[in-house]
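Every value quoted in this text rests on a predicted model; they were computed, and no experiment measured them.
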Amino acid sequence: MWQNNRYWVALKHHYSASLDTVFKQFRLGAAIFFTGMVGVYSGYHMESSWPQEIILAISLVVVALGFLLAMLAHIRMVIIRIINFIKDR
C-alpha cells in the first residue's frame, strides 16, 4: 500500500535517475559557485563604495546557491550509488 503512495513513487523516480543527468546538475552548481567566486574576487579588489557592497552581496548569494545546488547533486549521486550497490547484491 505505501509503495503506491505518490511521495514514495516520486522518491523512487528521483533516485533512479542516471548518474549522467545528476552529474550535469553537479557541474551546473559548480559553475554557478565559481562564477560567484569570481564576482567576490572582483568586488574585493574594488575600492570601497556602495557598488562594491552590492556586488559582494549578490556574489555571495550566487556562491551560496551554487554551493547548495552542487552539494544536493553530490548527495543525490551518493544515494543513487548506494541504492545501485544494494540492488546488485
Side-chain angles (χ1 to χ4, degrees):
M1 181 171 167
W2 58 275
Q3 293 171 340
N4 294 331
N5 185 339
R6 67 179 181 170
Y7 299 114
W8 176 257
V9 172
L11 274 175
K12 187 176 177 183
H13 177 70
H14 184 71
Y15 290 115
S16 64
S18 68
L19 287 175
D20 293 336
T21 305
V22 182
F23 188 68
K24 287 179 185 177
Q25 181 184 4
F26 176 77
R27 284 190 329 211
L28 176 65
I32 292 171
F33 174 81
F34 285 116
T35 301
M37 288 302 292
V38 168
V40 169
Y41 182 77
S42 300
Y44 182 74
H45 289 292
M46 292 173 65
E47 64 181 65
S48 294
S49 62
W50 284 104
Q52 178 198 24
E53 298 293 329
I54 292 171
I55 289 172
L56 284 174
I58 291 171
S59 297
L60 287 175
V61 169
V62 170
V63 165
L65 291 175
F67 180 79
L68 183 65
L69 183 63
M71 287 302 103
L72 287 174
H74 191 271
I75 291 169
R76 186 177 174 193
M77 283 193 294
V78 169
I79 292 172
I80 289 171
R81 287 180 180 163
I82 290 171
I83 289 171
N84 288 339
F85 177 76
I86 291 172
K87 277 184 185 178
D88 291 342
R89 289 187 108 202

> According to a 4.5 Å side-chain heavy-atom criterion applied to Ile, Leu, Val, Met, Phe, Trp and Tyr, with indirect links allowed, do F33 and M71 form part of one hydrophobic cluster?
Replying inline: yes

Side-chain donor-acceptor distances from residues 50-61 under 3.5 Å, at least two apart:
residue, atom, partner, partner atom, Å
Q52, NE2, G43, O, 3.0
S59, OG, I55, O, 2.7

> Which other residues end up in the same hydrophobic cluster as V78, if Ile, Leu, Val, Met, Phe, Trp and Tyr are linked when side-chain heavy atoms come under 4.5 Å apart?
Replying inline: I82, I86

> Is there a path of hydrophobic side-chain contacts, each under 4.5 Å between heavy atoms of I, L, V, M, F, W or Y residues, that connects I80 with F23?
Replying inline: yes

> Are F34 and L28 connected, step by step, through hydrophobic side chains (Ile, Leu, Val, Met, Phe, Trp, Tyr) whose heavy atoms are closer than 4.5 Å?
Replying inline: no

> If two hydrophobic side chains count as joined below 4.5 Å and joins carry through other members, does L65 share a cluster with L69?
Replying inline: no

>> Quick one, V62 and I32 - any side-chain contact, counting heavy atoms below 4.5 Å?
In response: yes

> Residues in ring-ring contact (aromatic ring centres under 6.0 Å, His included) with Y41, at least two apart?
Replying inline: H45

> Considering all heavy atoms of both residues, which atom of F26 and which atom of A70 are nearest to each other, and what is their separation?
Replying inline: CD1-O, 3.2 Å

> Under 4.5 Å between side-chain heavy atoms, hopping through other hydrophobics if needed: is there a path connecting V38 to V63?
Replying inline: no

> If you link I, L, V, M, F, W and Y whenever their side-chain heavy atoms are under 4.5 Å apart, who else ends up in the same group as L68?
Replying inline: L72

>> Within this structure, what is the CD1-NE2 distance for the pair I79 and H14, rounded to the nearest 0.5 Å?
In response: 7.5 Å

> Other hydrophobic cluster members with F85, side-chain heavy atoms of Ile/Leu/Val/Met/Phe/Trp/Tyr under 4.5 Å, chained?
Replying inline: none

>> Quick check against the 3.5 Å criterion: does R81 have a side-chain atom that pairs as donor or acceptor with the backbone of L19?
In response: no

> With sequence neighbours left out, what residues match T21 under side chain to side chain donor-acceptor pair (under 3.5 Å)?
Replying inline: S18

